[in-house]
Trainee: 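After the structure tokens below, expect a handful of questions from me.
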Amino acid sequence: MKRRHLLAAFAASLLPRPGLAQSTSTSSGKASLNEVAKGLDHPWSLAFLPNDHMLVTERPGRLRVVSPEGSLSKPVSGVPEVDAVGQGGLLDVVLHPQFDTTRLIFLSFAELREGGNGSSVLRAKLSDDYSSLDDVQVIFRQQPAGQGGNHFGCRLAFDKQGALFVTLGDRLRMRTSVQSTDNHIGKIIRITEDGGVPADNPKPSGWLPEIWSIGHRNVQGAAVHPETGELWTVEHGARGGDEVNRPQAGRNYGWPVISFGREYSGERIGEGTAKAGMEQPVHYWDPSIAPSGMAFCMGSRYPQWTGNLFVGALVKQHLARLVLEGGKVVGEEKLFDGYARFRDVRQGPDGYLYVLTDEGGPEGRVLRVMT
């Protein structure tokens, strides 16, 4: 019995523990993860507030504030009810580009409604003490509603013109609607801060005017390049075929007609991997890594990684570092391989990369990447 306890204690000592740095070897030296905050329940997104505070969403429906010391606030009041089923719940959070003067934040979430549920976006004013949301308005609702708890998409990203990109999934069971341009299923849309249509949207004939691009499965990562202003995304394939894309206005990215993945049954998807009039991904993964949040690494904090794209991997449990050159992926490295399900990646005002671990319990954490 004593030997069994000793073996169990030894095995437990090998597991990563909150409060301790997790190290990994990289092509340019060592990197480690330092704990910033813990005690979160499936954190999905984070945004950086003034005075070194952070907003963090928890998928079950709570919005928290993380202090500079790493303590968690009580849930921010005023967040509406969300449909926390499957992959749904309270998802992305971004600040208005002029947050210091507007106090506006934007949240995406799965919302119950007539006919089922769907992805929605709200805007609200965050109180000066960060404790409550006021003037809450839903500015967008994905149409039509669907059934189930999968493929909501729901990443948000402001472009340099102040328009808001919203990624919308195919809801898993509604893929036959993705190539139709009279709905929001499997689309990326671009709207104004009050939910209107920007004057410079593409508006091809027959498209809803808010649609930016079509042919997407489930985009769970989106970031605007800090230098070029281009939107970059990552989306889940089925069995293989996860993609990195640079969605262009009025373009078709192929799902479910073309894909580098297969059905979960092993059967072929659609017509193959290419078709005229449909765009190819910048990069794809086979087997799937289940990509989620993403961020460009800029500035001098990590000179060895400047200009690289970082993507969180859920199923494969690592942080992917993609080397870019001329808008293409020319290299890839896995960091912290096997450590955790990385849900989101953001670069803070201090230049550090921050990641969220997709853990319940609540065991979810905010971690800082150190080199």
Trainee: Run the side chain to side chain contact (heavy atoms under 4.5 Å, CB included) check on Leu91 and Thr57 step by step: do they pass?
Mentor: CA-CA 6 Å; Leu91 303 176; Thr57 59; 5.9 Å; no
Trainee: Just grab all the salt bridge (Lys or Arg N to Asp or Glu O under 4.0 Å) pairs involving residues 69-94, residues at least two apart or on different chains.
Mentor: Asp92-Arg155, Asp92-Arg346
Trainee: Looking at Arg175 and Glu263, is there a salt bridge between them, counting it only when a charged N and a carboxylate O are closer than 4.0 Å?
Mentor: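 The answer is yes: the pair qualifies as a salt bridge.
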Trainee: Could you please spell out the steps behind the side chain to side chain contact (heavy atoms under 4.5 Å, CB included) verdict for Glu111 and Gln142?
Mentor: CA-CA 10 Å; Glu111 182 185 35; Gln142 181 187 32; over 6 Å; no
Trainee: Are Val65 and Leu40 joined in one hydrophobic group, where the rule is that I, L, V, M, F, W and Y side chains link up if heavy atoms are under 4.5 Å apart?
Mentor: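 Val65 and Leu40: separate clusters.
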Trainee: Could you tell me whether the side chain of Asp41 and the main chain of Gly360 form a donor-acceptor pair under 3.5 Å?
Mentor: no
Trainee: Counting only heavy atoms from other residues, nucleotides and ligands, does the tally under 6.0 Å from NZ of Lys160 exceed 12?
Mentor: yes
Trainee: With ILVMFWY side chains joined below 4.5 Å, transitively, what does Met278's cluster contain besides itself?
Mentor: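 Hydrophobic cluster check, Met278: joined to Val257, Ile258.
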Trainee: Regarding Asp242 and His236, do their side chains bring together a donor and an acceptor under 3.5 Å, going by distance alone?
Mentor: no
Trainee: A side-chain contact here means heavy atoms from C-beta on lying under 4.5 Å apart; do Gln220 and Leu314 qualify?
Mentor: yes
Trainee: In terms of heavy-atom contacts, does OH of Tyr284 have more than 12 from other residues, nucleotides or ligands at under 6.0 Å?
Mentor: no
Trainee: Specify whether Trp232 and Phe296 have parallel, tilted or perpendicular ring planes, treating 30° as the upper limit for parallel and 60° as the lower limit for perpendicular.
Mentor: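 Trp232 vs Phe296 ring planes: perpendicular.
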Trainee: Which residue is it: Lys275, Gln179, Glu279? I am looking for the one with a side-chain hydrogen bond (donor to acceptor under 3.5 Å, both in side chains) to Asn252.
Mentor: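 The passing option is Gln179.
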Trainee: Checking side-chain polar atoms at under 3.5 Å, does Ser127 have a donor or acceptor matched by the opposite partner on Asp129?
Mentor: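 Their side chains do contain a donor-acceptor pair, which is all the 3.5 Å distance test asks for.
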Trainee: Decide yes or no for Val178 and Pro256: does some side-chain heavy atom of the first lie under 4.5 Å from some side-chain heavy atom of the second?
Mentor: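 Sidechains of Pro256 and Val178: in contact.
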Trainee: Quick one: does Gln98's side chain have a donor or acceptor within less than 3.5 Å of a partner on His96's backbone?
Mentor: no
Trainee: Is the shortest heavy-atom distance from the side chain of Ile188 to the side chain of Leu231 under 4.5 Å?
Mentor: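 Yes - at least one pair of side-chain heavy atoms lies under 4.5 Å apart.
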Trainee: Decide, yes or no, whether a salt bridge links Asp194 with Arg123 under the criterion of side-chain N to carboxylate O below 4.0 Å.
Mentor: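 No, no charged N to carboxylate O under 4.0 Å.
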Trainee: Quick one: does any side-chain atom of Arg171 pair with a main-chain N or O of Asn117 as donor and acceptor, under 3.5 Å?
Mentor: yes
Trainee: Quick one: closest heavy-atom pair of Tyr354 and Val36, and the distance?
Mentor: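 The pair with the smallest heavy-atom distance is CE2-CG2, 3.9 Å.
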Trainee: Residues two or more places apart in sequence or in another chain: which of them pass side-chain contact (heavy atoms from CB on, under 4.5 Å) with Gln317?
Mentor: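 With sequence neighbours excluded, Gln317 shows a side-chain contact (heavy atoms from CB on, under 4.5 Å) to Arg341, given in chain and number order.
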Trainee: Would Val244 and Leu324 show up in the same hydrophobic cluster when neighbours are defined by side-chain heavy atoms closer than 4.5 Å?
Mentor: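 They do share one cluster, since a chain of ILVMFWY contacts under 4.5 Å joins Val244 to Leu324.
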Trainee: Knowing that exactly one of Val311, Val282, Leu322 qualifies, which makes a side-chain contact (heavy atoms from CB on, under 4.5 Å) with Val234?
Mentor: Val311
Trainee: Could you give the distance from CG (Asp350) to CZ (Arg301), rounded to the nearest 0.5 Å?
Mentor: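 CZ of Arg301 is found 6.0 Å from CG of Asp350.
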Trainee: Treating Gln347 as the side-chain partner and Ala295 as the backbone partner, does any N or O pair qualify as donor plus acceptor under 3.5 Å?
Mentor: no
Trainee: Please name the pair of heavy atoms, one in Trp207 and one in Arg251, separated by the smallest distance, quoted to 0.1 Å.
Mentor: CH2-O, 3.9 Å
Trainee: Look up atom CE in Met294 and atom OG1 in Thr233, then write down how far apart they are to the nearest 0.5 Å.
Mentor: 6.5 Å
Trainee: Indicate whether the side chain of Glu210 and that of His184 have a donor and an acceptor atom separated by less than 3.5 Å.
Mentor: yes
Trainee: If every non-hydrogen atom of Thr371 is compared with every non-hydrogen atom of Ala31, which pair is closest and at what distance?
Mentor: CG2-CB, 4.1 Å
Trainee: Spell out, yes or no, whether Val136 and Val138 are grouped together once hydrophobic residues are joined by side-chain heavy atoms under 4.5 Å, including indirect joins.
Mentor: yes
Trainee: Under a 3.5 Å distance rule, please check whether Tyr130 uses its side chain to pair with a backbone N or O of Met54 as donor and acceptor.
Mentor: no
Trainee: Does any non-hydrogen side-chain atom of Leu356 lie less than 4.5 Å from one of Trp44?
Mentor: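 Sidechains of Leu356 and Trp44: no contact.
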Trainee: Do Pro198 and Thr192 make a side-chain contact, defined as non-hydrogen atoms from C-beta onward lying under 4.5 Å apart?
Mentor: yes
Trainee: Is a donor on one side and an acceptor on the other found under 3.5 Å between the side chain of Thr26 and the backbone of Ser28?
Mentor: yes
Trainee: Consider only side-chain N and O atoms of Ser259 and Arg217, and report whether a donor and an acceptor are under 3.5 Å apart.
Mentor: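 Ser259 vs Arg217: no donor-acceptor pair found between side chains.
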Trainee: Considering all heavy atoms of both residues, which atom of Arg321 and which atom of Asn308 are nearest to each other, and what is their separation?
Mentor: NH1-OD1, 2.6 Å
Trainee: Check the pair Arg190 / Asp200 against salt bridge (Lys or Arg N to Asp or Glu O under 4.0 Å), numbers first and verdict last.
Mentor: CA-CA 10 Å; Arg190 181 173 180 260; Asp200 58 347; 2.7 Å; yes
Trainee: Report the distance from atom CG of Leu63 to atom OG of Ser77, rounding to the nearest 0.5 Å.
Mentor: 10.0 Å
Trainee: Do the non-hydrogen side-chain atoms of Val66 and Leu72 ever get within less than 4.5 Å of each other?
Mentor: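 Of all side-chain heavy-atom pairs linking Leu72 with Val66, at least one is under 4.5 Å.
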Trainee: Given Val355, which of Leu367, Val366, Leu335 fulfils the side-chain contact (heavy atoms from CB on, under 4.5 Å) condition?
Mentor: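 Option passing the side-chain contact (heavy atoms from CB on, under 4.5 Å) with Val355: Leu367.
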Trainee: Could you state whether Leu55 and Leu90 fall into the same hydrophobic cluster, counting links through intermediate Ile, Leu, Val, Met, Phe, Trp or Tyr residues with side-chain heavy atoms under 4.5 angstrom apart?
Mentor: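 Leu55 clusters together with Leu90.
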Trainee: Can you give me the closest heavy-atom contact between Asn245 and Gln280, atom names plus distance?
Mentor: OD1-O, 4.0 Å
Trainee: For the residue pair Leu126 and Leu133, establish whether any side-chain heavy-atom pair is separated by less than 4.5 Å.
Mentor: yes
Trainee: State whether a side-chain donor-acceptor pair under 3.5 Å links Gln87 with Arg59.
Mentor: no
Trainee: For Arg113, does the CZ atom sit with more than 12 other heavy atoms under 6.0 Å from it, leaving out its own atoms?
Mentor: yes
Trainee: For the residue pair Tyr302 and Tyr352, categorise the inter-ring angle as parallel (less than 30°), tilted (30 to 60°) or perpendicular (more than 60°).
Mentor: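 Perpendicular.
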Trainee: Can you confirm whether Val166 sits close enough to Trp212 that some side-chain heavy atom of one is under 4.5 Å from a side-chain heavy atom of the other?
Mentor: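 Result no, sub-4.5 Å side-chain heavy-atom pair not found.
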Trainee: Would you confirm whether Asp135, through its side chain, and Lys125, through its main-chain N or O, come within 3.5 Å as a donor-acceptor pair?
Mentor: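 Not at all, since once roles are kept as given, no pair shorter than 3.5 Å links the two residues.
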Trainee: If hydrophobic clusters are built by linking Ile, Leu, Val, Met, Phe, Trp and Tyr wherever their side-chain heavy atoms come under 4.5 Å apart, do Tyr253 and Leu168 end up in the same one?
Mentor: no
Trainee: Over all heavy atoms of both residues, which pair between Phe109 and Pro80 is shortest? Give the atoms and the distance, please.
Mentor: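 For Phe109 and Pro80, the tightest heavy-atom pair comes out as CZ-CG, 4.4 Å.
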Trainee: Please determine which of Glu243, Lys187, His151, Glu235 meets the side-chain contact (heavy atoms from CB on, under 4.5 Å) test together with Val219.
Mentor: Glu235
Trainee: Quick one: does Thr306's side chain have a donor or acceptor within less than 3.5 Å of a partner on Gly299's backbone?
Mentor: yes
Trainee: So does Met370 get a backbone contact from the side chain of Lys30, meaning a donor-acceptor N/O pair under 3.5 Å?
Mentor: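 Looks like no, no N/O pair under 3.5 Å.
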Trainee: Strictly distance-based, threshold 3.5 Å: is any side-chain N or O of Arg365 a donor or acceptor partner for the main-chain N or O of Lys38?
Mentor: no
Trainee: Can you tell me how far the CG atom of Leu49 sits from the CG atom of Asp100, to the nearest 0.5 Å?
Mentor: 10.0 Å
Trainee: If you measure from CG on Asp170 to CG on Asn150, what distance do you get to the nearest 0.5 Å?
Mentor: 9.5 Å
Trainee: Nearest 0.5 angstrom please: Leu122 CG to Leu104 CG, how far?
Mentor: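 Interatomic distance, Leu122 CG to Leu104 CG, rounded to 0.5 Å: 11.0 Å.
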